[in-house]
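Both counts, for ligands and for their atoms, begin at 1 and track the order of listing.
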Amino acid sequence: MEEAKNNNSGTAGGRLEGKVALVTGAGRGIGRAVAVALAREGAAVLVNYNGSREKALEVAGQIQRDGGRAEAVGCDVSDFAACGKMVEELAAKYGHIDILVNNAGVTRDNLILRMSEEEYDKVLDTNLKGAFNTIRHLAKYFLKQRGGKVINISSVSGLMGNAGQSNYSASKAGLIGLTKSVARELASRGVCVNAVAPGYIATDMTEGLPEKAREGLARMIPMGRVGTPEEVARLTVFLAGPDSDYITGQVICVDGGMCMA
Ligand code: NDP
């Protein structure tokens, strides 16, 4: 863990003052935007990374320069024991962790006839088991605190399915089941568990898609444009803060109208 501290508490919002937030996969993309937005509201942010150490340090550094508190924390979320160690160390150091954003995710797209077992396992292990791992280790702290906010970053693929993404869609649909079940288990103790389902957001993940696939996706968006990581971050901050205290077990899309129930 690489400490990044700053005593200057000049933050923009302040709705999350005194809170500690763990954001998985926060070195880049949506996770990065979420980390920065949470810090702007006053939360101390634990910027988790797996491969992108330098980028995570950069995010923590940016937050500090802006007057917030942040620390880059390396951990592969698909590793149950490693997640346990990370959570124990952070809880001992900070005394409490109030917000968990399960954002880490990968794709390994392929048609079902060609999909390998490795491609399937990699996506499920990261996207779904990764969220179980962090929730499983943090739940006892939330219960003891009688409060907490968990936000799982799912996807419209988990609601609608997507050709070539049976592994990814299964992981994101699984995340919705996990969200609703844990929400029911923890609701009476003041813990809110919700899912955010982004549509087509401009990040490294979608940059890698073939041009044809990107054009096809863009045509499916009633608002006629892709979304930004910051637009996903705004909803996530709302779900992490006190204004959403009576909302749990919900799946909310940020998708320009792509998926309407
Ligand atoms: P990126 O590919 O830009 O970023 C993925 C992030 O996940 C990286 O920070 C990466 O960290 C992290 N990650 C991957 N594997 C692990 C792991 N084993 N342990 C810890 N962190 C890991 O993707 P996005 O920002 O676009 O996606 C973020 C989330 O939003 C994902 O869950 C994705 O499925 C979801 N989403 C994205 C959409 C989009 O259109 N972009 C649409 C719907 C949902 P590192 O680089 O350090 O390994």
Side-chain angles (χ1 to χ4, degrees), residues 2 22-37 45-60 72-83 85-87 100-109 119 121-134 137 151-162 165 167-176 178-179 195-209 213-214 216-218 220-221 225-233 235-236 251-256 258-259:
E2 281 132 86
L22 171 61
V23 184
T24 68
R28 56 199 176 90
I30 292 170
R32 178 191 179 112
V34 167
V36 169
V45 183
L46 310 170
V47 180
N48 164 255
Y49 65 91
N50 185 31
S52 304
R53 178 173 172 272
E54 290 308 316
K55 289 184 174 171
L57 285 170
E58 227 177 86
V59 176
V73 184
C75 177
D76 175 352
V77 297
S78 67
D79 183 331
F80 183 78
C83 280
K85 191 166 173 280
M86 170 177 71
V87 166
L100 167 65
V101 182
N102 281 309
N103 163 81
V106 293
T107 51
R108 292 289 183 277
D109 296 356
E119 287 167 337
D121 287 346
K122 174 73 182 170
V123 171
L124 270 288
D125 284 352
T126 307
N127 301 6
L128 182 54
K129 191 173 169 233
F132 162 75
N133 289 344
T134 53
H137 291 295
I151 300 107
N152 295 319
I153 308 297
S154 178
S155 166
V156 293
S157 295
L159 292 164
M160 305 161 72
N162 195 19
Q165 287 199 315
N167 51 358
Y168 184 78
S169 301
S171 74
K172 295 298 185 179
L175 208 42
I176 291 170
L178 180 72
T179 299
V196 170
Y200 179 4
I201 310 298
T203 65
D204 294 346
M205 187 175 272
T206 44
E207 186 65 36
L209 286 171
R214 282 199 276 158
L217 275 170
M220 289 167 69
I221 306 170
R225 67 169 178 88
V226 300
T228 66
E230 289 71 26
E231 287 173 314
V232 180
L235 173 61
T236 308
V251 184
I252 306 177
C253 295
V254 184
D255 65 349
M258 207 173 172
C259 176

Which segment of [X] sits under 4.0 Å of ligand 1 when only heavy atoms are counted:
X      : value
Lys172 : side chain
Thr126 : side chain
Val106 : side chain
Ser154 : backbone

Contact atoms of ligand 1, heavy-atom distance to [X] under 4.0 Å:
X      : value
Tyr200 : 40 (O)
Gly29  : 3 (O), 25 (O)
Gly51  : 45 (P), 47 (O), 48 (O)
Asp204 : 3 (O)
Cys75  : 19 (N), 20 (C)
Asp76  : 17 (C), 18 (N), 19 (N)
Tyr49  : 47 (O)
Asn48  : 20 (C), 21 (N)

Does a donor on one side chain sit under 3.5 Å from an acceptor on the other, for [X] and [Y]?
X      : Y      : value
Asn103 : Thr24  : no
Asp76  : Ser78  : yes
Thr134 : Asn102 : yes
Gln165 : Asp109 : yes

Pick, from Cys83, Gly227, Gly25, the option with the minimum heavy-atom distance to atom 12 (C) of ligand 1.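 Nearest heavy atom to atom 12 (C) of ligand 1 lies in Gly25.
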
Given Thr206, Leu209, Ile153, Asn103, identify the one with the heavy atom nearest to atom 32 (O) of ligand 1.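 Result: the heavy atom closest to atom 32 (O) of ligand 1 is in Asn103.
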
Distance to 0.1 Å, residue and atom name: give those for the protein heavy atom nearest to [atom].
atom                    : result
atom 38 (C) of ligand 1 : Gly199 O, 4.0 Å
atom 26 (O) of ligand 1 : Thr203 OG1, 2.5 Å
atom 40 (O) of ligand 1 : Ile201 N, 2.8 Å
atom 37 (C) of ligand 1 : Ile30 CD1, 3.7 Å
atom 36 (N) of ligand 1 : Tyr168 OH, 3.4 Å
atom 46 (O) of ligand 1 : Ser52 OG, 2.5 Å
atom 2 (O) of ligand 1  : Arg28 NH1, 3.4 Å
atom 21 (N) of ligand 1 : Ala104 CB, 3.4 Å

Please round to the nearest 0.5 Å and tell me the distance separating atom CD1 of Ile151 and atom CG of Leu235.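 Output value for this atom pair is 8.5 Å.
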
Say you draw a straight line from CG of Leu217 to CG of Asp255; how long is it, rounded to the nearest 0.5 Å?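 Going from the CG atom of Leu217 to the CG atom of Asp255 covers 11.5 Å.
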
Test item: [X] and [Y] side chains (from C-beta on) under 4.5 Å apart, heavy atoms:
X      : Y      : result
Val226 : Thr206 : no
Thr236 : Val101 : yes
Lys129 : Val77  : no
Pro198 : Ile153 : yes
Thr179 : Val251 : no
Leu159 : Cys253 : yes

Out of the candidates Asn152, Val156, Asn127, Asn162, only one should pair with Lys172 under the side chain to side chain contact (heavy atoms under 4.5 Å, CB included) rule; please name it.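 For Lys172, the side chain to side chain contact (heavy atoms under 4.5 Å, CB included) check succeeds only for Asn127.
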
Purely on distance, is any nitrogen or oxygen of [X] under 3.5 Å from one on ligand 1?
X      : value
Asn127 : no
Ser78  : no
Gly31  : no
Pro198 : no

Geometric class of the Phe80/His137 ring pair [parallel <30°, tilted 30-60°, perpendicular >60°]: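 Tilted, since the angle between the ring planes falls between 30° and 60°.
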
Report yes or no: does Pro229 have a heavy atom closer than 4.0 Å to ligand 1?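 No, Pro229 has no heavy atoms under 4.0 Å from ligand 1.
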
Answer yes when Glu54 and Arg28 have at least one side-chain N-carboxylate O distance shorter than 4.0 Å, and no when they do not.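 No, this pair does not count.
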
Check whether any side-chain N or O of Asn48 sits under 3.5 Å from a backbone N or O of Cys75 as a donor-acceptor pair, and report yes or no.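 Side chain of Asn48 to backbone of Cys75: a pair is present.
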
